Each structure stands twice: as C-alpha cells, then as structure tokens.
Amino acid sequence: MSATRIDARGLSCPQPVVLTSRAIEGGAESLEVLVDNEVSKENVLRLAKRHKMQASVRPEGPDIVIEIKK
Amino acid sequence: MGNPFASRAGIIVVGVAIGIMATLLQYFGNPPNMGICVACMERDIAGALGLHRAAVVQYLRPEIIGFVIGAFLAALLAKEYRPRGGSAPLVRFFLGVFAMIGALVFLGCPWRALLRLAGGDWNALTGLAGLATGIGVGVAFLKSGYSLGRAQPQKAASGILFPVFMAGLFLLLVFRVTFAEGGPLFFSQKGPGSQFAPVWMSLGAGVLVGAIAQRSRFCTMGALRDVILLKDFHLMSGVAGLLVAAFAMNLILGQFKPGFAGQPIAHTDHLWNFLGMALAGLAFALAGGCPGRQLFLSGEGDLDAGIFALGMIVGAGVSHNFAMASSPAGAAAFGPAGVIVGFVFCLAVGFTMREKA
C-alpha cells in the first residue's frame with residue numbers, strides 16, 4: 001500500500017498539522033509528511049503521538065520526511 | 001539531538017520565566033501591568049521614531065530589540081536560522097496594521113492581557129474572551145482551507161535585515177540622536193513612555209526571552225488556536241505557566257490590585273475591550289502568530305513575520321494619528337470605526353485566500 005504524501009514545505013504553522021490531521025481523520029493509515037523546518041516537524045510528531053500512531057523521521061535533501069503509521 | 005525546550009516541561013519553564021521577568025521589569029520601572037507588552041512596546045517605538053505624536057508613549061523599548069536579537073542568536077546556535085519569505089507579504093503587512101489597531105483599542109497584546117489579569121485587572125477577562133473568539137473565527141477559516149500560500153527560501157543575508165534594523169534602533173537609543181529641534185527622536189517626559197527599567201536590564205531580559213521563546217515556540221495565539229483546533233494543550237501549558245508565575249510574583253512584589261475601575265493603562269469599556277481583542281486575535285490567527293511570536297520568527301529569518309511586525313509598528317502610528325487608540329477614559333472617537341474596517345479586511349482575507357486543492 002502506498003503512503004499518502006503531504007507536501008507541507010513552506011507552509012506556516014499550523015497548516016502542516018491541519019493537513020496531516022485531515023489525512024489521518026480521512027482514514028489514511030500510512031502517510032509521509034514533507035516539511036522544511038524543525039517547528040513543523042515537532043508539531044507533526046506531537047500530532048502523531050496524540051493519535052497514538054508510530055512516527056519516524058528521515059532527512060530528504062534539505063527537507064525532513066516524517067513517516068506516520070497506524 | 002533533541003530540544004529540551006520543545007517538551008511539555010520546557011514550554012512551562014519558558015512561560016514561568018517570562019512571567020517572572022515581566023513582573024520584575026515592572027518592579028524595576030516598566031509601566032504597570034506592562035512589564036512586557038509587545039503591542040505597547042512597538043507602539044512606543046513608533047512614537048520615539050515620530051510615526052505618531054502621542055507624547056506619553058514614546059520610547060525605544062529595548063525589550064523588543066532583545067526579542068529579535070535573542071531569537072536570532074538562538075536560531076543561529078541551533079542551526080534553525082533559515083531565511084524564508086514571499087507568502088503574501090502585503091496581506092501580512094495589513095494584518096499587522098489591523099492587529100495593532102485592535103490591540104490598542106483594548107490596550108495590550110495577548111501577553112499584556114495575561115499580565116493585566118495577573119495584576120488583578122479584571123477588564124483583561126473581556127479582552128481574553130475577545131481574543132479567544134477572534135482566534136476561533138480564524139480556526140474556522142483554517143479548517144476550511146485558508147492559506148496565505150507557501151514561503152520560499154530566501155538568500156542567506158536577507159534574514160539578517162530585521163535583526164540589523166533592531167540593532168540600529170538600539171544605537172539610536174544609546175546615542176539619543178536629535179534629528180531636528182524638538183525631535184525626533186522623541187522620548188516621553190511623562191506617562192507610560194517615561195516609565196522604564198534600566199536599559200541593560202530590559203535588553204538582557206529581552207534577549208533571554210527571545211532566545212528561550214525561539215527554542216520553545218512560545219505563542220499565546222497558538223496556545224488558544226491549538227486548543228480550539230486540535231485539543232492540543234502543549235502551548236497552553238506555557239501560557240498557564242506565565243499567568244501563574246506573574247500572579248505569584250505580583251503578590252510577592254505588592255503589584256496585585258484587583259478590580260475593574262481605575263486599573264493602570266486600561267479602560268472599562270467592555271464591548272470595545274472584547275471587539276478590539278477579537279480583531280487582534282483574528283489577525284494573529286490569519287498571520288500565524290501572536291506579536292511576540294512574529295518577532296521571534298523574524299529573528300530566525302522569517303521575512304514575512306518581519307513584514308507583519310513592521311505592519312504593527314506602522315499600525316501604531318495609524319492608530320494614534322487617527323484617534324483610534326483607547327485611553328484610560330475609554331474607546332477613542334475612531335476606535336470602533338477602525339475595528340470595523342479591520343474586521344471587514346480580515347474577513348475578506350479569510351474568505352478569499354484559499355489553498356489550491
């Protein structure tokens with residue numbers, strides 16, 4: 001199953017979280033969120049934790065990918 | 001890696017530290033219930049520069065300068081300095097203008113609303129209720145896809161501009177240049193603008209607050225927004241820390257004076273306290289941060305936040321020049337009109353600025 005990918009680069013707080021939250025509530029079980037700063041990363045990780053989903057982080061060029069799974 | 005300030009304990013420590021420093025700044029000379037007030041202090045800077053001529057609120061507040069410099073240094077050290085911009089700058093400028101007009105109808109930014117409450121000024125309650133309402137409207141826009149669009153990475157040097165601008169203001173403060181007979185620069189001889197803590201204390205506290213707030217992402221608007229939007233109490237725990245610490249310190253320092261009437265630099269016009277802060281809250285929510293947070297962001301290279309902060313400084317000039325800023329007597333002649341125009345602008349922004357699906 002391919003993961004839903006959300007490009008949240010350049011979006012200001014809280015839009016990365018809103019987009020991720022919408023995807024999770026829409027039933028996505030596996031998604032990748034692409035962000036370009038630490039604050040968005042922290043916020044998306046906190047959201048994943050609240051949804052009790054597993055999250056891992058890896059760099060992708062200058063950006064950060066957060067993988068979130070049920 | 002890891003950022004201790006990003007934890008729940010971290011944000012609470014930062015809130016408590018801000019509450020303690022704000023009340024101490026008041027103790028050492030800043031105006032009552034105004035140990036720190038981003039809106040009021042930017043307004044004082046606008047006055048010192050001659051952007052308005054309200055003689056009682058003119059001073060180059062070192063706290064504001066420190067906020068930006070502290071956040072800049074903290075971001076550099078943490079490798080988070082990242083120049084970016086280009087997300088609807090002109091819209092953000094006017095959001096800043098109207099945020100300031102709203103804040104000066106209430107007489108304070110969210111930080112001062114909390115400090116006023118912690119000092120026993122119950123008028124802050126209507127202001128905070130208005131703030132939450134305005135942010136609630138902003139949240140509704142965010143839920144329905146509101147976005148000012150993406151920021152783009154900018155040249156490395158561009159992010160230094162705002163901190164350098166602030167450093168320049170500090171030089172003006174140190175040398176007190178008189179550009180013409182009678183000013184500018186202007187420095188209040190009486191009133192709130194003439195009340196200030198020692199310069200180095202103000203600057204030091206400002207730098208420290210700027211640094212820890214940059215690390216912790218402390219934001220009062222974000223606190224309310226995250227509770228309404230996400231049921232996330234992370235930032236709110238920092239705000240609670242600020243409120244409790246400031247309240248305790250005010251008791252210790254003898255600065256707690258409960259009541260509605262006769263509160264310092266405040267009025268009891270509840271309707272306009274509410275609506276002024278509602279406008280400010282909506283503008284902050286649409287711009288993505290309270291006035292303090294916008295300064296910290298501008299320190300770490302967010303050019304759009306810098307534009308918002310400049311909008312607030314210009315907005316202070318507009319507010320005082322066009323009789324919109326309240327006084328202890330109540331709302332001013334054109335304050336209500338300014339708030340209504342501000343709502344029209346913010347609602348238009350909220351309804352028309354959408355992300356492409």
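The model shown is predicted, which means the values in this text are computed figures rather than measured ones. Below, each value reflects all heavy atoms present in this structure, side chains not excepted, and no hydrogens, waters or symmetry copies. In what follows, chains carry the letters A, B, and so on, assigned in the order in which the sequence lines appear, proteins first and then strands, with residues in each chain numbered from 1.
When heavy atoms are compared at a cutoff of 4.5 Å, B/Lys79 does not approach chain A at all. Looking at B/Ser87, there are no atoms closer than 4.5 Å to chain A (heavy atoms on both sides), in backbone or side chain. Both the backbone and the side chain of A/Asp36 come within less than 4.5 Å of a heavy atom of chain B. Looking at B/Arg8, neither its backbone nor its side chain comes within 4.5 Å of chain A, counting heavy atoms on both sides. For a residue to count as touching a neighbouring chain, one of its non-hydrogen atoms must lie under 4.5 Å from one of that chain's; by this rule B/Leu229 touches chain A with the side chain only.
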Pair B/Phe308-B/Phe93, ring-ring contact (aromatic ring centres under 6.0 Å, His included): steps then yes or no: CA-CA 5 Å; B/Phe308 181 91; B/Phe93 178 85; 9.6 Å; no
From CA spacing to verdict: ring-ring contact (aromatic ring centres under 6.0 Å, His included), B/Phe67, B/Trp111: CA-CA 14 Å; B/Phe67 287 171; B/Trp111 291 30; 5.8 Å; yes
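Here A/Arg46 is the residue among A/Arg9, A/Arg46, A/Arg22 with the most heavy-atom pairs under 4.5 Å with chain B. Between chain A and the options B/Arg84, B/Glu80, B/Arg225, heavy-atom pairs under 4.5 Å are most frequent for B/Arg225.
Between B/Arg217 and A/Glu42 there is a salt bridge, since a side-chain N of the basic residue sits under 4.0 Å from a carboxylate O of the acidic one.
Between the side chain of B/Gln294 and the backbone N or O of B/Gly289, at least one donor-acceptor pair lies under 3.5 Å. Distance alone, capped at 3.5 Å, is enough to place a donor-acceptor pair between the B/Asp304 side chain and the B/Gly86 backbone.
Side chain to side chain, A/Ser40 and A/Asn37 meet the donor-acceptor criterion of an N or O pair below 3.5 Å.
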